Amino acid sequence: MKFISALKRWRPLQLSGLLMVLLVVGFSLLYPLSPGYDPYTQNLSSILQSPGSSGHWLGTDSLGRDVASRLALGGRTTLSIALAVILANMVIGIIIGMVAGYFGGRTDNVLMGLTDVQLALPVMLVLIAFSAVYGPSVTLMIVVLSVTYWVGYARVARSVALSLAGRDFVLAPKIQGAGPLWIMRRHIAPNVFTQVLIVATTDLGAIIILIASFDFLGLGIQAPTPSWGSMISDGQGYLRQQPALVMIPGVAMFLIIAGTNLISQRFTEEGAGAPARRKVAA
Amino acid sequence: MTVVTNAAEEVVLRVNELSLEYRLRGAGPKTLRAVDGVSLELRRGETLGLVGESGCGKSSLVRTIFDINVPSSGSVEVFGQRLAELRPKDRRQLRNRVQMIFQDPYSALDPRLSAHEIVAEPLRIARRYSKDRVVELLESVGLSAEVMDRRPAAFSGGQRQRLGIARALALDPDVLVLDEPVSALDVSVQAQVINLLKDLQQRLGLAYLFIAHDLSVVRHISDRVAVMHLGQIVETGTAEEIFANPVHPYTRSLLSAAPVPDPRARSSRRRVVLAGELPDAARRPSGCSFRTRCPIAQEQCSQQDPTLVSTGSPTHQHACHFPEDSQRSVAPAMT
Ligand SMILES: Nc1ncnc2c1ncn2[C@@H]1O[C@H](COP(=O)(O)OP(=O)(O)OP(=O)(O)O)[C@@H](O)[C@H]1O
Ligand SMILES: [Mg+2]
């Protein structure tokens, strides 16, 4: 199988990164299918239970809710929001970058000016300001994050487009009457995607931290829906009595962030064509 | 009044006083005139060989003809119509009658596409795709339909150039502009590709603007030849005139540098080695651009840029102040 043989080129650390991500994602996806899954029911007679206690293998929170269930649901929401946000930024960034790189000149200057504006925007302050006006909500957080994290994709897409724009195989269809849309879609975009994936895996960690910090501040996912950020902020008040409440979502976040970084390292090497293409001499 | 034109005499591609300047960055000159007032005429079914050293502006001329680079002056006419003056739709239609073969068959094909997709692309762009047509095109350049699903990496240089030719033929052009179509290929393959081109020309009545950096390649396929030096045409004439009776010292030195297949002819020929390199196009010499390398240059040559003038024959033109001296002192012509 192609996938298995591709994995053989991964170094042990990178493989462990993959395992870390699979562990957290797998848990978030699968645990809700188990019979003990119940993230919402409160039980004030058994609050702040330690991990390993009867019926709650990751313990309970300050309202007696099952931490394992909340971790899984929090993972689902956090990860799916992160993926949606990355996808949105990817689309915006690829379009802006490809257009800038392909057309060059003034178009390039204007669009790259736009990226400077985006970089200068303090995401946190923007979200706080909008939350003050419209009230905090997940939708608002998703919208704000979706348009404020595309510079990395734009830069990569631009440099790929720039390097391909003058190549003969891009000029050939142009001479034969293809418009810019045709050329970008067929000849530039496919080369952009592989490069952009590297940025996406690198960004995933940063986006998750951002989402978690917004949740922590109460600007993102709203109670009672659990999220890793709100779990940490809730647990904070019981640091003495039950440190596990902060540590458990913390570990989940650490695993996913460290894991995606290790994976992106692999993708970077693959993209650079480094030790990947080692053929066995026949 | 109707103008009756003989079909064979019809000019399919005309280049009028075309110039191209690259803008340079950094210190030194601000512009580089890569194409300097070039005029060419190509008639239906004929081959015009355009010859000049590497860096003399051949590819730049091609890129300007195809509007990849915007000319600083001059115009391009296809079938007597100035492209710049047409509405976009008409312009595209006319443009499609002139197609291009690239210098480097390795960079000319998108490595991600299959042979089928590469040849199909112009058909798809023009909304004329049919699989049968792709097969027909592949077969017309000597490739079998079985290779359709392979990517460029699976093909040899010669096969790639064939793919490039098939792609260029897809829209039934009347003119092919071939930018050194064989110079990136092995010598053994060169002859095959040239034979294919000759064959196609006969079958389809194509006109070729065939570009090469040495005269020997052009010799056997050209009806007429134009010699280019530093962005300018310095001599043009029928193949016979250029090879038997070259006038410009640059043409004569190019001829003497070309390998001579017949050993007897070789001994009877003095070699004239060009003095020095092609001058930097951004620091073009005053007057005649060839004078710094010319064995017969005189005072006048540094002051006055010679223009193309007729020799005795109406088809034969040269841009040299001292054509008689040239014929006396620079390498004798090949016979
Ligand atoms: N994009 C560019 N910007 C600036 N100068 C250029 C550019 N492209 C080409 N030149 C210069 O223009 C001149 C002509 O180049 P061109 O590629 O047209 O030559 P050529 O005759 O096709 O050479 P070759 O036989 O090597 O293909 C050279 O001096 C080259 O350095
Ligand atoms: Mg060239």
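Note that the structure is predicted; figures quoted are calculated from it, not measured.
Side chain of Gln176(A) to main chain of Leu171(B): no donor-acceptor pair is present (N/O by atom type, distance under 3.5 Å, no hydrogens or angles).
Contacts between Arg95(B) and chain A at a heavy-atom distance below 4.5 Å are absent for every atom of the residue. If you measure heavy-atom distances from Ile68(B) to chain A, the contacts under 4.5 Å come from the side chain alone. No part of Arg91(B) comes within reach of chain A, as not one of its non-hydrogen atoms sits under 4.5 angstrom from that chain. Using a 4.5 Å cut-off between heavy atoms, Ala168(B) contacts chain A through its backbone alone, with no side-chain atom that close.
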Go through the steps for Leu171(A) and Met100(B) under the test side chain to side chain contact (heavy atoms under 4.5 Å, CB included), then give the verdict.
-> CA-CA 10 Å; Leu171(A) 294 178; Met100(B) 169 168 176; over 6 Å; no
Could you walk me through whether Lys174(A) and Phe66(B) pass the side chain to side chain contact (heavy atoms under 4.5 Å, CB included) check?
-> CA-CA 10 Å; Lys174(A) 188 176 173 185; Phe66(B) 284 99; over 6 Å; no
Could you walk me through whether Arg186(A) and Glu121(B) pass the side chain to side chain contact (heavy atoms under 4.5 Å, CB included) check?
-> CA-CA 10 Å; Arg186(A) 280 179 60 110; Glu121(B) 183 160 33; 3.2 Å; yes
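More than 12 heavy atoms of other residues, nucleotides or ligands sit less than 6.0 Å from atom OH of Tyr129(B). Sparse packing is recorded around CG of Leu181(A), with 12 or fewer heavy atoms of other residues, nucleotides or ligands lying under 6.0 Å away. Annotation for Arg203(B): atom CZ counts as buried by contact number, over 12 foreign heavy atoms lying within 6.0 Å.
The residue from Asp110(B), Leu113(B), Ile118(B), Asp104(B) that alone fulfils the side chain to side chain contact (heavy atoms under 4.5 Å, CB included) condition with Phe169(A) is Asp110(B).
The greatest number of non-hydrogen atom pairs below 4.5 Å with chain A, out of Ala170(B), Ala126(B), Pro173(B), Ala108(B), is found for Ala108(B). Contact count versus chain A (heavy atoms, under 4.5 Å) is highest, among Gln103(B), Gln99(B), Gln93(B), for Gln99(B).
Between Ile125(B) and Ala178(A), the shortest heavy-atom contact is CD1-CB, 3.5 Å.
Interatomic distance, CD1 of Ile175(A) versus CG of Asn96(B), reported as 10.5 Å (0.5 Å rounding).
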